[in-house]
Amino acid sequence: MGEFITRVVAIDPAAPDRTTIAEAASIIRAGQLVAFPTETVYGLGADGLNPIALRRIYTVKGRPPDNPLILHLASRDQLPLVAADVPAIAQRLVQAFWPGPLTLILPKTSCVPDLATAGLTTVAVRMPAHPVALALINAAKTPLAAPSANRSGLPSPTTAQHAFDDLRRRIPLILDAGPTRIGLESTVLDVTCIPPIILRPGGIAREAIEAVVGDLQEVMNMAQRQRSPGTRYRHYSPRARVWLVEDAQAETLQATVAKALQHSKRVGCLLHRLEPHHLPPLVEVIHISGSMADYAQGLFAALRGLDGLGLDVIVVEGVQEQGLGVAVMDRLRRAASPPSPSPGFTE
Ligand code: TXA
Ligand code: MG
């Protein structure tokens, strides 16, 4: 892997500077990588039709080779380039949710290299709702393959600093448009089957999708899970152990914190609805109050922040699995896996 001086260049999301975009696009066209903002998380972008560039993504991230990538488009019209068939149900979803955090799994065209799909006959596609992402795709004149711009196994980056922390010296350029609005990755929906099935919960809630296309398939069995290779891996995991308080009750939280303090003095806590003042003194308590969207937006940054303190245990408040809460709990459980030693919380 080449050694780079990684430049972080600020860019205004309201009016992306043309020269900066042109430079980023020329790096992409040359087969190199650029980290850029989307509305969900920062992406590590490469020319999605260039196998050499695609291979770099796997090397730079340390990503398992059987975990396929998402191709990012700048317009709905580019879909036929990469998708061999767009069923009526997919067209309705595109109309309803693009640009936005919905990734569709569709049959691929022969244009799409095997490295983008990890050899699958389907391709993941989305159109991001971020002016910088759209300007970059347009200027590069190619679909951008872009996984989250983190090293494999760490929480996804919601700021340019997170991407820099993980990818410094591995890529030449990071475009910095500030913290991402949604903070969790897109929902991945397989529309090659009827009814469609959510392979990864994300920024668009199941309820919103069902309002457009009717009932989706119920929770996956293991065979179906194999269809979204990425969901097999432990993800979003900080270095500290994460103890997840599933039931979000004050009593369970207190018991879990007490238990954590028996293990170690280096305990931190992440709260949403519960109040911090019922807790014994801890190394750090981050309280993201407000709505579920606020918790989702701040989650990965909080996990990274807490992890940077060298804690042994991070106790994290769970949420109800409704709307965006499904994606939040999915990420928290992955951060907390392997599962629970005792009832009431998972480690
Ligand atoms: O919000 C997002 O989706 C972000 C931003 C950068 O757009 N990207 C992102 O990419 O989260 P990544 O690579 O971290 O996650 C892609 C997910 C993985 O779970 C992968 O297994 C799944 O999409 N995926 C990709 N292609 C697939 C396919 N053909 N069939 C099933 N799952 C697929
Ligand atoms: Mg990722």
Side-chain angles (χ1 to χ4, degrees), residues 33-46 48 54 57-58 60-74 82-84 97-109 112-130 132-134 136-137 143-158 162-163 166-167 174-175 180-193 196-204 220 224-237 296 300 327 330-331 334-335:
L33 310 183
V34 175
F36 66 98
T38 80
E39 79 281 30
T40 57
V41 299
Y42 275 74
L44 177 61
L54 293 167
I57 287 185
Y58 287 90
V60 160
K61 273 189 64 102
R63 183 176 176 104
D66 62 347
N67 189 6
L69 304 169
I70 298 173
L71 294 186
H72 295 66
L73 308 179
V82 295
F97 297 112
W98 282 14
L102 179 67
T103 294
L104 297 176
I105 306 296
L106 292 162
K108 80 176 194 82
T109 61
V112 179
D114 280 345
L115 274 167
T117 64
L120 298 175
T121 57
T122 53
V123 62
V125 199
R126 86 177 189 98
M127 179 182 170
H130 196 293
V132 172
L134 295 173
L136 180 59
I137 301 163
L144 285 192
S148 45
N150 54 290
R151 291 272 298 163
S152 231
L154 293 177
S156 288
T158 57
H162 298 158
D166 282 17
L167 303 179
I174 299 173
L175 300 179
T180 58
R181 176 167 58 84
I182 294 175
L184 295 177
E185 304 89 338
S186 62
T187 302
V188 177
L189 185 72
D190 188 344
V191 283
T192 65
C193 50
I197 184 163
I198 292 179
L199 300 180
R200 176 180 75 181
I204 298 226
M220 295 190 285
Q224 289 169 319
R225 200 169 254 270
Q226 298 296 315
R227 291 187 2 206
S228 190
T231 57
R232 283 202 301 267
Y233 299 104
R234 181 162 185 227
H235 257 184
Y236 321 110
S237 42
F300 286 151
D330 173 77
R331 303 309 188 269
R334 285 171 198 285

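Just so you know, these numbers use all the heavy atoms, side chains as well, and skip hydrogens, waters and symmetry mates. Just so we're clear, the structure is a prediction, and the values are computed from it rather than from any experiment. Whatever order the structure lists them in is the order used to number ligands and atoms, beginning at 1.
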* To do: Examine distances only and state if a side-chain atom of Lys61 and a backbone atom of Ala149 form a donor-acceptor pair shorter than 3.5 Å.
  =>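 It does not hold such a pair.
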* Counting distance only, does the side-chain N/O of Thr38 pair as donor-acceptor with the main-chain N or O of Thr40 below 3.5 Å? ->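 Flag set: sc Thr38 to bb Thr40 pair under 3.5 Å.
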Could you tell me if the side chain of [Y] sits less than 4.5 Å from the side chain of [X], heavy atoms only?
X: Phe300; Y: Arg331; result: yes
X: Leu71; Y: Leu69; result: no
X: Pro157; Y: Asp166; result: no
X: Leu104; Y: Phe97; result: no

* Contact check: Thr40 vs ligand 1, nitrogen or oxygen atoms, below 3.5 angstrom ->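 Among all N and O atoms of Thr40, at least one is under 3.5 Å from an N or O of ligand 1.
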* Asked: Mind checking whether Ser186 has an N or O less than 3.5 Å away from an N or O of ligand 1?
  ->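 N/O-N/O distance under 3.5 Å: yes.
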* To do: Counting heavy atoms only, name the option from Lys61, Glu185, Arg200 that's nearest to atom 15 (O) of ligand 1.
  =>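 Minimum heavy-atom distance to atom 15 (O) of ligand 1 goes to Arg200.
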* To do: Identify which of Pro128, Ser148, Gly203 has a heavy atom lying nearest to atom 14 (O) of ligand 1.
  =>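 The nearest heavy atom belongs to Ser148.
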* Please list, chain by chain and in numerical order, all residues satisfying side-chain hydrogen bond (donor to acceptor under 3.5 Å, both in side chains) with Ser186, sequence neighbours excluded. =>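 Only Thr103, Arg200 meet the side-chain hydrogen bond (donor to acceptor under 3.5 Å, both in side chains) criterion with Ser186.
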* **Pairs involving residues 98-108, ordered by first then second residue, that meet salt bridge (Lys or Arg N to Asp or Glu O under 4.0 Å) (sequence neighbours left out)** =>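 Sorted pair list comes back empty.
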Ligand 1 contacted by [X] (non-hydrogen, < 4.0 Å):
X: Thr117; answer: no
X: Ala146; answer: yes
X: Pro101; answer: no
X: Arg63; answer: yes

* Asked: Out of curiosity, Leu33 CG to Leu144 CG, how far, rounded to the nearest 0.5 Å?
  ->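 The distance works out to 10.5 Å.
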* To do: For the Mg ion (ligand 2), decide whether Ser148 has an N, O or S atom at a distance under 2.8 Å.
  =>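 A backbone or side-chain N, O or S atom of Ser148 is under 2.8 Å from the Mg ion (ligand 2).
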Would you mind running through ligand 1 and noting each atom that sits below 4.0 Å from a heavy atom of [X]?
X: Pro147; value: 10 (O), 12 (P), 13 (O)
X: His72; value: 5 (C), 6 (C), 7 (O)
X: Leu120; value: 28 (C), 29 (N), 30 (N)
X: Leu69; value: 25 (C), 26 (N)
X: Ala124; value: 25 (C), 26 (N), 27 (C)
X: Ile105; value: 27 (C), 28 (C), 30 (N), 31 (C), 32 (N), 33 (C)

* To do: Would you kindly specify which portion of Thr122 sits under 4.0 Å from ligand 1, judged on non-hydrogen atoms: side chain, backbone, both or neither?
  =>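 Both of them.
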* To do: Classify the contact between Leu199 and ligand 1 as side chain, backbone, both or neither, using a heavy-atom distance cut-off of under 4.0 Å.
  =>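 Just the side chain.
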* Asked: Are Arg126 and Glu185 within salt-bridge range, i.e. N to O under 4.0 Å?
  ->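 Not counted as a salt bridge, because no side-chain N and carboxylate O are separated by less than 4.0 Å.
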* Asked: Per the side chain to side chain contact (heavy atoms under 4.5 Å, CB included) rule, which among Asp66, Val60, Asn67 passes with Arg63?
  ->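 Checked Asp66, Val60, Asn67 against Arg63; only one passes side chain to side chain contact (heavy atoms under 4.5 Å, CB included): Asn67.
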